[in-house]
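A short write-up of the structure that comes next.
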Number of protein chains: 2
Amino acid sequence: MRRRTGDKERWITAAAMKIFAREGFHGAKITSIAKEAGVATGSVYLYFANKEGLLQHIFSELWQAMHASFQDLLLRKELTEKERIEHLIDSIFDLFADRPALALLFVNEQPYLLREAPGEMMYHYVDFLRMGEQVVRSGIGKGEFSPDMHPRVFTNFVFGGIRQLLQQWARAPRQFPLYVIRTEIKRIVMQGLLPRAVLNPAGNVRA
Amino acid sequence: MRRRTGDKERWITAAAMKIFAREGFHGAKITSIAKEAGVATGSVYLYFANKEGLLQHIFSELWQAMHASFQDLLLRKELTEKERIEHLIDSIFDLFADRPALALLFVNEQPYLLREAPGEMMYHYVDFLRMGEQVVRSGIGKGEFSPDMHPRVFTNFVFGGIRQLLQQWARAPRQFPLYVIRTEIKRIVMQGLLPRAVLNPAGNVRA
DNA sequence: CTTTTTACTGAATTCTGATTCAATAATACA
DNA sequence: TGTATTATTGAATCAGAATTCAGTAAAAAG
């Protein structure tokens, strides 16, 4: 017999992440991935069915992590819905914080998988958005949020905005740091662009 | 001599749009596009240098249209900045309103072109976002918008949110009509999720 | 130390689909 | 009508890269 030495599966996924992110799924060559991983071309096929399987595996782990942290947040009864939304936003950024390559994969290759492997992907995707919607609904119910907000449109909008900023960040991590992005997103999401009326001590409205 | 009959270039771009949107750029076969357009395979190459050129041509027209309507809006002095932003949002949706296939192309294939043809694409992209930022800055200057808003993050966020919703819509136009999306986006962008303090007739603050 | 079993290798194979181009058709012009 | 010129065709070519597999290496078992 012979034992597997080293965690080749991990080397390969790490390499794939890097190459997919740089070249795009279609531009990435299995040969480059193998070289980057330090294994032979053929070895990739010992661990994954094919190129697409490799991509799916990466996404699958990602969605799983995302789902888990969302699930956690939904269960924390002590949070207000406003806090919950803020934590949801944070948890997405936490996931990508030190992995810009993963972020690029996530934002760029999602459409491909959604077309080629609609089943699993669609499931995660829909489930994920559903969770967001749920929080918004519940916040409206409690009077925390504007009652005329459309939960599904809102959730999609925020999700899309986050993706776009993740992409900008991953493309050039220096142009704005992630903590700025998170903070700003929360501001936009909660307060919007217009200045808010605030109460002065006398109870009157100030611009 | 022989004259070109029919507007083959247009037939081909129309077909390409449709097929690219359905199969994705990489999944689309030139042969299918030619058949859909009602011309021979080789004819595609009489009008476009290659497959990528075809995609670029579509994007190029699109960005041009986008740029033009943005430019118009920037020049309309009678608008408040708030109105200007609302019109910007509308102009994007107007562009895609009856062309879901174009919308899918736009949201799905942008990353590919940004990688493969960074020059022109990047130019349009950056310019486009810059225009948005400009409006926000100017609105802040005039006191129309929250002074602590980060113009670049804001613009990217909104752009991303719009993309996401365009995609959802294009994927299944029936789930929410475009006019709902526009309205909701404007609400989110302007007011955010939290309920606003409003004045009642007596000048006091109501929840 | 030999045998057996499993891991790994990377050059060769295969497939897919973009691109080409020799042949043909249509129109203009003389 | 005949000839020149340009447009169009689509089967054949070609390139590139995913996948395979016969061969080799390493570890375990005896």
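Every chain is numbered from 1, with letters handed out A, B, ... down the list of sequences.
- The 12-atom threshold is not exceeded at NZ of A:K18, counting heavy atoms of other residues, nucleotides or ligands nearer than 6.0 Å.
- A:F48 comes within 4.0 angstrom of nothing in the nucleic acid, heavy atoms only.
- Between A:E133 and A:R130, none of the side-chain N atoms (NZ, or NE/NH1/NH2) sits under 4.0 Å from a carboxylate O, so this pair counts as no salt bridge.
- The separation between B:H26 atom NE2 and C:dT16 atom C1' is 15 Å, rounded to whole Å.
- In this structure, A:N50 places its CG atom 9 Å from C1' of D:dT19, rounding to the nearest Å.
- Atom CD1 of A:I33 is separated from atom P of C:dG10 by 17 Å (rounded to the nearest Å).
- One can place CD1 of B:I30 at 16 Å from C1' of D:dA15, the figure rounded to the nearest angstrom.
- Inspection of the B:S60 and B:E120 side chains reveals an N or O donor paired with an N or O acceptor under 3.5 Å.
- Within 4.0 Å of A:A28, counting heavy atoms only, lie sugar-phosphate atoms of the nucleic acid but no base atom.
- Counting non-hydrogen atoms under 4.0 angstrom, A:V39 reaches the backbone sugars and phosphates but no base.
- Nearest nucleotide to the side chain of A:R2, out of D:dT9, C:dA18, D:dA26: D:dA26.
- An OP1 or OP2 oxygen of C:dT9 is reached within less than 4.0 angstrom by no side-chain nitrogen or oxygen of A:Y45.
- For A:S43 and C:dC8, the shortest distance from a side-chain N or O to OP1 or OP2 is not below 4.0 Å.
- A straight line from CG of B:L46 to C1' of C:dT19 spans 12 Å, rounded to a whole angstrom.
- We find that CH2 of A:W11 is positioned 12 Å from C1' of C:dC8, with the value rounded to whole Å.
- Side-chain contact between B:K51 and B:F20 is present, with at least one heavy-atom pair separated by less than 4.5 Å.
- Both A:A49 and A:K29 sit near DNA chain D, but only A:K29 has its closest nucleotide nearer the 5' end.
- Taking only side-chain atoms of B:K51, from C-beta outward, the nucleotide of D:dT19, D:dG10, C:dA18 with the closest atom is C:dA18.
- Residue A:I12 contributes atom CD1, which lies 12 Å from atom C1' of C:dA7 at whole-angstrom precision.
- Residue B:K8 contributes atom NZ, which lies 15 Å from atom P of C:dA25 at whole-angstrom precision.
- Residues A:V180 and A:W169 are not in side-chain contact: their nearest non-hydrogen atoms beyond the backbone lie 4.5 Å or more apart.
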